[in-house]
2 protein chains.
Amino acid sequence: MEIPFATIERISTYLRCLKRLKEKGIKKVSSRELSGFTKTTPEQIRKDLSYFGRFGKTGAGYDVSILTRKLERILKHKKIWNVCIIGAGSLGSALAKYNAFKTEGYDIVALFDNDPQKIGNNIGGKEIYSIESFPEITEKIGIEIAILTVPQEAIEEIEPIISKSKIRGIINFVPQLLNIKTRRKITTLDVDLAQKMYILSYLIKNKKEE
Amino acid sequence: MEIPFATIERISTYLRCLKRLKEKGIKKVSSRELSGFTKTTPEQIRKDLSYFGRFGKTGAGYDVSILTRKLERILKHKKIWNVCIIGAGSLGSALAKYNAFKTEGYDIVALFDNDPQKIGNNIGGKEIYSIESFPEITEKIGIEIAILTVPQEAIEEIEPIISKSKIRGIINFVPQLLNIKTRRKITTLDVDLAQKMYILSYLIKNKKEE
DNA sequence: TCCTGTGAAGCAATTCACAGCT
DNA sequence: AGCTGTGAATTGCTTCACAGGA
């Protein structure tokens, strides 16, 4: 069965909420309660979960711990993913320091740049390596996910280097699609912040009055 | 007619591509050519555009300049939007320096923080103001969009302050939904980077072999 | 001939409604 | 009574196929 992409997006939201509930010591949650923390309906939550199995108890809702574990297993087949950042500019450096993903099991362990001035420096305890050593270093450390934050002009130089490596996934902050050959080989997810701005201003303009 | 959200997302991608083409001096583009820069089909592009009008010439494609202008008008009813950043931590500061939106007409002009140490400082030429002065300053400067990059714990303190202001749109990097009252009043767009990580690892795991 | 614009068809996702468990 | 899980109905989106203009 083909699982809708939107379902995957929502599942990761549910997981985030469940983790919060768990921290708060809450043991049980119903689809109705969970929907209060998201923009979805209880039916949608149950349908989404049903793609992957039966996790609830009829009449009683879901066990927070169990559901958390199950959803984690659905979304992550490794407990810890090593992640690197390509492009140690302001955004790349910030993400390295920010490191909001570590608690979720995505650990930023290295940065790469082509600026000799930067190479060897440390950002938030992570070393900046030369982009030339990308394939070796990533393989040695066991990095399979890269966050791409290079300037747009650098994209063409970078792509073949990534392509040669063992990288399996890219989060791409560069406002340009990687070429089709790269995308076929490596799963890429585009995050275009300028696009978000456009969308937001459209939504503001066309906000429904209530 | 109700315009699909996905259409709005794609339209902003088309706009980005058109701007690039314009810079390169390209005058004409067909839906087929444009689809080469996106993940869409020519039919989808034509359908998306048809929600808003007829912009092409049969047999000849689209005039890049004209279409750019039209799409900009669809997505932005103001030429320049002033934007502020709430939370001058590493992510907020990076976005202020990064400023990739300026060329798109979204200009970051101020930051806000609650740390007395930071207030008065300058980041990329933008002053950091006290969060207490948020409603006055934003109104004075004419800021209608805020980028929210505060730590999660600060959310509850921040929300009533934003609510009291003239802010109309929020790009929310905090991995938590704002409360429904705020969301009804202010258009919010959530950008959860940890969620992207989860989605990426799911996609890696379930990548279709070809 | 080439390309746009668009109804109609086809497909996919969401919502409904209820059976069944506790 | 309260809640899950899920076929069926519905809604919404995308793709098809073609009329019509340059």
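Convention: sequence-line order gives letters A, B, ...; per-chain numbering from 1. Everything numeric here is computed off the predicted structure, so don't read it as measured data.
A sub-4.0 Å separation between OP1 or OP2 of D:dT4 and a side-chain N or O of A:Arg46 is present. Phosphate proximity of D:dG5 to A:Tyr62: present, with a side-chain N or O under 4.0 Å from OP1 or OP2. In terms of phosphate contacts, B:Tyr51 brings no side-chain nitrogen or oxygen within less than 4.0 Å of OP1 or OP2 of D:dG12. Taking side-chain N and O atoms only, A:Arg32 has no distance below 4.0 Å to OP1 or OP2 of D:dG2.
As rounded to whole Å, 13 Å separates atom C1' of D:dT14 from atom CD1 of B:Ile45. One atom, CZ of A:Phe52, and another, P of D:dT6, lie 14 Å apart when rounded to the nearest Å. Straight-line distance from the CZ atom of B:Phe5 to the C1' atom of C:dA12: 19 Å, rounded to whole Å. If you measure from atom CD1 of A:Ile11 to atom P of C:dT14, you get 12 Å, rounded to the nearest angstrom. If you measure from atom CG of B:Asp48 to atom P of D:dT14, you get 7 Å, rounded to the nearest angstrom. Here the P atom of nucleotide C:dA13 and the NZ atom of A:Lys47 are 12 Å apart, to the nearest Å. One interatomic measurement links the two molecules: CD of A:Glu43 to P of D:dC3, which rounds to 13 Å at whole-angstrom precision. Remark: P of D:dC3 and CG of A:Leu49 are 16 Å apart, rounded to the nearest angstrom.
Out of D:dC13, C:dT14, D:dG5, the shortest distance to the side chain of A:Gln44 is found at C:dT14. Distances from the side chain of B:Ser31 to the nucleotides D:dC13, D:dT6, C:dT4 place C:dT4 closest. Closest contact between the side chain of B:Ser50 and the listed nucleotides D:dT15, C:dG5, D:dT6 involves C:dG5. Closest to the side chain of B:Thr58, out of D:dT4, D:dG20, C:dG5, is D:dG20. Nearest nucleotide to the side chain of A:Thr7, out of D:dC3, C:dT6, C:dT14: C:dT14.
Checked for salt-bridge contact, B:Arg16 and A:Asp192 meet the test: a charged N lies under 4.0 Å from a carboxylate O. Salt bridge A:Lys78/A:Glu144: present, at least one basic N to carboxylate O contact under 4.0 Å.
The aromatic rings of A:Tyr106 and A:Trp81 sit parallel to each other, their planes meeting at less than 30°, with 60° as the upper class boundary.
For the pair A:Pro4 and A:Ala60, both in contact range of DNA chain C, the more 5′-proximal nearest nucleotide belongs to A:Pro4.
Judged purely by atom type and a 3.5 angstrom limit, A:Arg32 has no side-chain atom pairing as donor or acceptor with the backbone of A:Pro42.
Using a 3.5 Å distance cut-off with no hydrogens or angles, the side chains of B:Arg46 and B:Ser31 do pair a donor with an acceptor.
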